Amino acid sequence: MAATAAIGHPIENRAAKLFIVLAAFLVCNAVIAEFVGVKIFALEPTLGLEPLNWNLFGQSGSLSFTSGVLLWPFVFLMTDIINEYFGTRGVRFISWLTVVLIVYGFLAAYMAISLTPAGFWVAVNSERGVPDMQAAFSNIFGQGMWTIAGSVTAFLVGQLIDVAVFHRIRMLTGERWIWLRATGSTAVSQLVDSFVVLYIAFVIGPQKWPMSLFLAVASVNYAYKLLMAFLLIPLIYVTRLLIRAYLGTATSEQLQETARVSG
């Protein structure tokens, strides 16, 4: 008790609580994005627009994305905010933790799939158009190993590139132009991420996409992520103001300086 009283309870430290909240939000969004990403949605009809019918590398189609793309921009945002205040070591720690928890989540899903379903549960939603709940559950949560491997690898590589580019831009510009280091690091890291995940999952994987299809779909996905990176710039500044108000100017600037110098 005496030792605890001397150093103070960790949860009373505002910087520690900030790190926990930012890390939890990043991990939560990443794990959810992995699981909801099994659904592919058409952007134009969702927005009430006519199909764009893009044409790239001899391929054409509408703007179709995995549902996970709705959450990944917030993962990028949290990555840059953590980098801003807790440096490269903070981002690397959370990135590795996120990978472990994503893998853990998929292992839990596969374990749940392997359980023998109760007889009444299999047909419980037949009147709602789902004649076999076990098959539906397996298809939704039982993503292919190539998809999981591609997604996890792309996430980790993208995060490590993001943190390196962010730190490099910061060393060149100091504390100015947070939008540049945040958007610039995302632009580089997501260029790698967008192509790596699809290449592993659909080119190397069993579907064997032709290179033209791979390049077209990856380019469209990257364009979306780049657009979102620019649209989130105002949110970066709002988040920074909220953190400064929460921590106080002195603590906020001290964290930023430590993150800049020590990485």
Side-chain angles (χ1 to χ4, degrees), residues 14-30 33 68-99 153-197 218-219 221-263:
R14 291 201 167 201
K17 283 198 286 188
L18 175 64
F19 183 73
I20 292 171
V21 170
L22 293 174
F25 197 68
L26 187 155
V27 172
C28 183
N29 275 275
V69 300
L70 300 176
L71 296 174
W72 283 118
F74 296 102
V75 174
F76 311 151
L77 174 65
M78 291 301 102
T79 297
D80 292 331
I81 295 298
I82 292 173
N83 208 345
E84 179 77 9
Y85 291 94
F86 300 98
T88 57
R89 285 182 291 179
V91 175
R92 286 171 183 159
F93 171 75
I94 294 303
S95 297
W96 280 105
L97 177 61
T98 302
V99 168
T153 301
F155 168 77
L156 185 58
V157 172
Q159 288 291 95
L160 296 178
I161 291 175
D162 187 287
V163 71
V165 174
F166 186 100
H167 187 65
R168 180 60 179 169
I169 295 175
R170 189 177 201 171
M171 293 301 294
L172 293 173
T173 62
E175 295 306 315
R176 299 171 296 163
W177 306 336
I178 183 176
W179 69 268
L180 178 61
R181 56 183 176 270
T183 307
S185 60
T186 298
V188 176
S189 65
Q190 292 316 300
L191 176 63
V192 176
D193 180 285
S194 299
F195 284 81
V196 168
V197 62
S219 298
N221 275 266
Y222 176 65
Y224 166 82
K225 292 176 181 178
L226 193 59
L227 173 63
M228 289 303 300
F230 281 101
L231 292 179
L232 285 177
I233 288 176
L235 190 55
I236 294 173
Y237 284 92
V238 170
T239 305
R240 196 182 190 194
L241 288 174
L242 292 174
I243 290 174
R244 183 177 290 266
Y246 175 69
L247 294 177
T249 301
T251 303
S252 175
E253 291 180 351
Q254 182 182 2
L255 282 177
Q256 288 175 290
E257 178 61 20
T258 301
R260 185 183 70 83
V261 173
S262 62

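One-based numbering along the sequence shown. Since this is a predicted model, take the numbers as computed values, not measurements. Heavy-atom basis, side chains included; hydrogens, waters and symmetry copies ignored.
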Locate the shortest heavy-atom distance separating L180 from I169; write the atom from each residue and the value.
O-CD1, 4.0 Å
So, does S185 use its side chain to make a donor-acceptor pair with the main chain of A182 at under 3.5 Å?
yes
Counting only heavy atoms not in Q254 (residues, nucleotides, ligands), do more than 12 fall under 6.0 Å from its CD?
no
Nearest 0.5 Å, what's the CZ-CG distance between F76 and L232?
9.5 Å
Is there a side-chain contact between V75 and M78 (heavy atoms, below 4.5 Å)?
no
Rounded to the nearest 0.5 Å, how far does CZ of F74 lie from CG of L235?
7.0 Å
Run I236 and L77 through side chain to side chain contact (heavy atoms under 4.5 Å, CB included) and show every step you take.
CA-CA 7 Å; I236 294 173; L77 174 65; 3.3 Å; yes
Could you measure the distance from the OG1 atom of T258 to the CD atom of Q256? Nearest 0.5 Å is fine.
10.0 Å
N/O donor-acceptor pair under 3.5 Å between S189 side chain and T186 backbone
yes
Hey, are the side chains of Q190 and L226 touching, using non-hydrogen atoms and a 4.5 Å cut-off?
no
Keeping the roles fixed (side chain from R14, backbone from Y246), state whether a donor-acceptor pair exists under 3.5 Å.
yes
Should R181 and R168 count as side-chain neighbours, where that means a heavy-atom distance under 4.5 Å?
no
Chi angles and distances behind the side chain to side chain contact (heavy atoms under 4.5 Å, CB included) call for E84, F166:
CA-CA 9 Å; E84 179 77 9; F166 186 100; 3.4 Å; yes
Do R244 and E253 pass the side chain to side chain contact (heavy atoms under 4.5 Å, CB included) test, and can you show the C-alpha distance, the side-chain angles, and the key distance before you say yes or no?
CA-CA 8 Å; R244 183 177 290 266; E253 291 180 351; 3.4 Å; yes
Which label fits F195 and Y222: parallel for a plane angle under 30°, tilted from 30 to 60°, or perpendicular past 60°?
tilted
With side chain to side chain contact (heavy atoms under 4.5 Å, CB included) as the test, would you mind laying out the steps for N29 and W72 before giving the verdict?
CA-CA 7 Å; N29 275 275; W72 283 118; over 6 Å; no
Point-to-point distance, once rounded to the nearest 0.5 Å, from CG of L191 to CG of N221:
12.0 Å
Indicate yes or no: at least one non-hydrogen side-chain atom of V163 is less than 4.5 angstrom from one of T79.
no
Would you name the heavy atoms of G87 and A259 that are closest together and state the gap between them?
N-CB, 3.4 Å
Any heavy-atom pair between the side chains of D80 and D162 that's under 4.5 Å?
yes
Can you find a pair of side-chain heavy atoms, one from F86 and one from L22, that are under 4.5 Å apart?
yes
Heavy-atom pair with the smallest gap, counting every atom of D193 and A154
OD2-O, 3.1 Å
Closest non-hydrogen atom pair between Y224 and V69, with its separation:
OH-O, 3.2 Å
What's the shortest heavy-atom distance between I82 and G90, and which atoms?
CG2-C, 4.0 Å
So Y85 and F19, do their side chains get closer than 4.5 Å, heavy atoms only?
no
Inter-residue atom distance S252.OG - L241.CG, 0.5 Å rounding:
9.5 Å
Would you say the side-chain atoms of R170 pair up with the backbone N or O of N83, donor to acceptor, closer than 3.5 Å?
yes
Taking the side chain as C-beta and beyond, is there a heavy-atom pair between R240 and I178 under 4.5 Å?
yes
